[in-house]
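Working notes for the structure below.
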Amino acid sequence: MDDSMAERLPLSRRAMALPPYLEGLNPDQRAAVEALDGPVLVLSGAGTGKTRVLTTRLAHLLATGRAQAWQLLAVTFTNKAAREMRHRVEALLGPGSGGIPWLGTFHSISAQMLRRHAELVGLKPNFTILDTDDQNRLLKQLIEAEGVDEKRFTARALAGLIDSWKNRALKPASVSAKEAHAWGEGRSTEIYKAYQERLRVLNACDFGDLLMHMIHIFQDHPDVLAEYHRKLTYLMVDEYQDTNVAQYLWLRLLALGSKNICVVGDDDQSIYGWRGAEVDNILRFERDFPGAVVVRLERNYRSSGHILATASHLIAHNRARLGKTLWTQDEEGEKVVVRGVWDGDGEARGVADEIEAWTAAAQFSAQRSDGGDLREARTNPPHSFSSVAVLVRAAWQMRAFEERFLMLKIPYKVIGGPRFFERAEVRDVHAYLRLIRSEDDDLAFERVVNQPKRGVGDSSVAKLASLARSMGVSMLRAARDILETDEIKGAARTGLRAFIADLDRWRRWAQEKSHVELAETLLDESGYTAMLQADKSPTAQTRLENLKELVQAMGQFDSLEAYLEHVQLVLDLEAGGDGDEVHISTLHAAKGLEWPLVFLPGWEEGVFPSQRAIDEGGEKSLEEERRLAYVGVTRARTKAVISFAANRQIYGRWQTVPPSRFIDELPEAHIALASETGYGAPARGGVRDGWARFSPHGAPGAGFNSAYPSPGWRRAQERGQERGQERGPHRSIERDQERVGVSKPPVIDGQARLITKSGEDDAKFRKGQMVLHDKFGRGVIRMVEGNKLVVIFESGGEKRVIDSFVRAAG
DNA sequence: AGCCCTGTCCTTTTT
DNA sequence: GGACAGGGCT
């Protein structure tokens, strides 16, 4: 440690030789940690210890007494990242040190600020934060009111547009006429304006407002900004390459005070262009903040040589980048596997089989270490399920893997999967709570006024809405008034009266009882629980369980306010404990994570890169897709398996799809080809022309492709497994072949082949023909599609897509 | 009011 | 293969 630093350390620290938190940093990391003054740009490649640098830097500022915890502003993009940073600071400096008040996401920090200054933009401090669903419903109403054709110009599209404006801190008046014209023949800005007005009346914000309001407060009220300048003397930003214009402005305004701003990022990992991120922000940093110190972190600690080389070679195809040369001292390791498979099911099957093989090694070594030969055990290190990840481009690709894993009892967890707080029943409870808290919340009112059914139907709600609008009051207020008249009759009247009485009672309740009791009471008294209990469908059961979980989650917070703030922003409940599970994730959600074994399926044109990126956006979008590929490959520590299928179901239709262009951009020297399509080297010419037809085996054979696994289906599957029923019809391509004795897919060129066990496969299937299936019995062919048959079986009567083997019946 | 059927559109990626 | 809207029916 250098002398100047030593002097700043408290005596107790100086008594030690080197602050323990600085031990083991490489020179570049050390430089990044110790450059405390002025603007600093840390260009940090994948796996180069970025988070470590950030947390050590925070620890360093605190330990040297340069700053107190409340003077630090540390911004991340995800709550997960914020949480981790907090933990790691505590790990460095001891318990309690992670209590940095201004450490969080852009949105949560900005919300915290906005609650303190809400009145400056016409809001109350307890404003509601709307989610996408609320936002869409609100916009829909406004679009209707404006008389715009909602079919041609959807609320979703407008929401996206407004969001993109807010991402650039544009108020309705600042939107250019040209952009305004992109939707609803120019009426978009009027609706935007009406929307903002409506939000104000509802005392609500959307996500974009959290930042935009603060920016305008900073700009219009210098005294407020000055207050933050005095307080916040050290700014730190994670994932700077993903900041959008609004975030940039927000940061810049705050950084004008001390100028001590340290941003960390990697231009090669900028993958959020679609939500307004500007790679340009990081490319421009040195110009924006003159005198910036630039530190490059290029030593990779994560991936083996072949993996790193593959990723580097791939990303080198991008033009818009600062350029880094990552290196590692690790060994070469295994080559990156590239595998072509027959179809999506085959891909899932292959991945599952490989996971079983990988984890089986663990059992073997465990036995060995019991028995005695430890050296052997060490050459065969144990692999847990949690050492494996499957990373996909889009969420719909997860289904095939989930299905397969369920069948084989491979435990898995979907990262960032369907969100607990977006479930209908959870949102209903939230709406009740919101309405109890604030009468103005019309969106909440509309959501639950007839949930459970109270006889207040659409027509009554419409009446209330127009009345509220004409009187300029909330719908709840209008409802109270209308009950005084006889404008509303019958069931609607009784229902509405009861609803309002309930609300008033619960509101009084809320004064004295805890928020948990409040939730329990309202679920009970509103008849919501009863409604679900009366419903015998399996989904109702799940919903009841979700509600129990919800009440439990609420108990973890001190107050209703604290809870609502949490769910509105954080939206991810810490899923109880990390079990030993395979992780399934989108590539986006995988950023910042790593696994020893990573599967990267679905590398096909139209899937990855996505069709949208190919059609629109041009080279810029494709470069972002390539960065996504780079992020994917660099998640792997010791082994990466890329795969692409020849046939895939898209919109429920079978299509033959060409391999991704990114496959051709991989460096052959670091790749091991393992093609099951028999298609050989993808890098050779003629790749994309009719190639799928030459499959030497690839009889898919993995049984059926049933309807999407509803919760009920899953449970049935699990019960079956508990009873020791067959796990999956076939376990591998080889066994498929052996079992059936054919090496061709059952259906070729749109014409079905009759597949028999003896291999007589020449007869053709046609629509209407009666067939016999090993597992499902007799059925009728409803459709021949690609290499699949759609069959209605007599047992069960549901249609199934069949890609395994059937015989002509009778 | 509510249920079932049919047709349409659809899918990136997230705070 | 699914969400959702609209129409026709009870």
Side-chain angles (χ1 to χ4, degrees), chain A residues 75-82 104-111 129-132 135-136 140 150-152 154-157 160 163 166-167 205-211 239 242-244 246-247 270-277 344 391-400 403 415-417 419 421-422 424 450 453-461 490-492 495 568-572 585-591 602 606-617 621 624-625 627-628 631-632 648-654 705-710 785 788 790 798-801:
Chain A
V75 202
T76 62
F77 270 84
T78 64
N79 293 289
K80 200 171 63 187
T105 63
F106 276 104
H107 290 88
S108 68
I109 290 176
S110 211
I129 301 167
L130 298 186
D131 62 26
T132 336
Q135 209 180 330
N136 281 336
K140 212 164 180 178
E150 214 265 312
K151 272 190 184 137
R152 264 190 66 201
T154 63
R156 262 193 58 175
D163 196 52
K166 290 186 175 176
N167 283 340
C205 269
D206 62 20
F207 273 111
D209 281 338
L210 295 174
L211 281 152
E239 309 276 18
D242 286 332
T243 49
N244 60 36
Q247 287 156 341
S270 168
I271 54 176
Y272 285 105
W274 50 272
R275 70 171 192 209
L391 308 182
V392 295
R393 175 66 243 270
W396 58 262
Q397 294 170 263
M398 294 177 180
R399 205 190 100 237
E403 244 171 82
I415 297 181
R419 306 196 173 220
F421 291 107
E422 285 169 14
N450 204 28
K453 302 263 181 295
R454 296 187 177 87
V456 188
D458 291 346
S459 52
S460 308
V461 172
Q568 286 167 353
L569 277 172
V570 177
L571 282 172
D572 78 295
S585 167
T586 61
L587 286 161
H588 282 90
K591 193 156 79 155
V607 176
F608 188 35
S610 75
Q611 197 56 49
R612 278 261 277 265
I614 296 169
D615 294 343
E616 316 158 11
S621 295
E624 181 153 317
E625 296 283 306
R627 289 194 290 268
L628 209 44
V631 167
R648 193 174 286 284
Q649 229 174 349
I650 293 171
Y651 295 156
R653 305 247 157 239
W654 284 98
N705 195 359
S706 75
Y708 182 80
S710 60
E785 195 181 287
K788 314 280 168 171
V790 179
E798 285 186 30
K799 72 176 181 190
R800 291 182 184 282
V801 179

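Remember, it's a predicted structure, so these values are computed and weren't measured experimentally. By convention in this document, chain letters (A, B, ...) are assigned in the order of the sequence lines, proteins followed by strands, and residues within each chain are numbered from 1.
Of the residues near DNA chain B, Asn450(A) and Glu624(A), the one whose nearest nucleotide (by heavy atom distance) lies more toward the 5' end is Asn450(A).
Each of dG1(C), dT15(B), dT13(B) was ranked by its minimum atom distance to the side chain of His588(A); first place goes to dT13(B). Side chain of Thr105(A), nearest nucleotide from dT15(B), dT13(B), dT14(B): dT15(B). Of the candidate nucleotides dA5(C), dT14(B), dT11(B), dA5(C) has the atom lying nearest to any side-chain atom of Lys140(A). Of the listed nucleotides (dG1(C), dT15(B), dT14(B)), dG1(C) has the atom at the smallest distance from the side chain of Arg399(A). Minimum atom distance to the side chain of Arg612(A) is reached by dT11(B), of the listed dT15(B), dT14(B), dT11(B).
In this structure, Asn244(A) places its CG atom 14 Å from P of dT15(B), rounding to the nearest Å. Straight-line distance from the CD1 atom of Ile650(A) to the C1' atom of dC9(B): 16 Å, rounded to whole Å. dT14(B) atom P lies 14 Å from atom CD of Glu239(A), rounded to whole Å. In this structure, CH2 of Trp396(A) is placed 13 Å from C1' of dT13(B), rounded to the nearest angstrom. Atom OH of Tyr272(A) and atom P of dT13(B) are 11 Å apart (whole Å). In this structure, CD1 of Ile109(A) is placed 13 Å from C1' of dT15(B), rounded to the nearest angstrom. Rounded to an integer number of Å, the gap from CD1 of Ile415(A) to C1' of dT14(B) is 15 Å. The distance from atom CD of Gln397(A) to atom C1' of dT11(B) is 10 Å, rounded to the nearest whole Å.
Residue Ser108(A) has no polar side-chain atom (N or O) positioned under 4.0 Å from OP1 or OP2 of dT15(B). Note on Arg156(A): every side-chain N or O is 4.0 Å or more away from OP1 and OP2 of dC9(B).
In this structure, Tyr272(A) and Thr243(A) have side chains that are not in contact, with every pair of non-hydrogen atoms separated by 4.5 Å or more. When side chains are defined from C-beta on, Asn136(A) counts as touching Arg156(A), because their heavy atoms get closer than 4.5 Å. By the 4.5 Å heavy-atom criterion applied to side chains, Phe207(A) and Asn167(A) are not counted as neighbours. Contact annotation: the side chain of Ser270(A) approaches that of Asp242(A) to within less than 4.5 Å [non-hydrogen atoms, C-beta and beyond].
In this structure, Phe106(A) does not pack face-to-face on the six-membered ring of dT15(B), missing the 5.5 Å centre cutoff or the 30° plane limit.
Here Lys166(A) contributes atom NZ and Cys205(A) contributes atom SG; the two are 7.5 Å apart, rounded to the nearest 0.5 Å.
Side-chain atoms of His588(A) come within 3.5 Å of backbone N or O of Ile271(A) as a donor-acceptor pair.
Ala395(A) comes within 4.0 angstrom of sugar-phosphate atoms only, judged by non-hydrogen atoms across all strands, and of no base. Using a 4.0 Å heavy-atom cutoff across all strands shown, Val456(A) reaches sugar-phosphate atoms only and no base atom.
Taking the P atom of each, dT13(B) and dC4(C) are spaced 15 Å apart, rounded to whole Å. Taking atom C1' in both dG6(C) and dT11(B), the straight-line distance is 23 Å, to the nearest Å.
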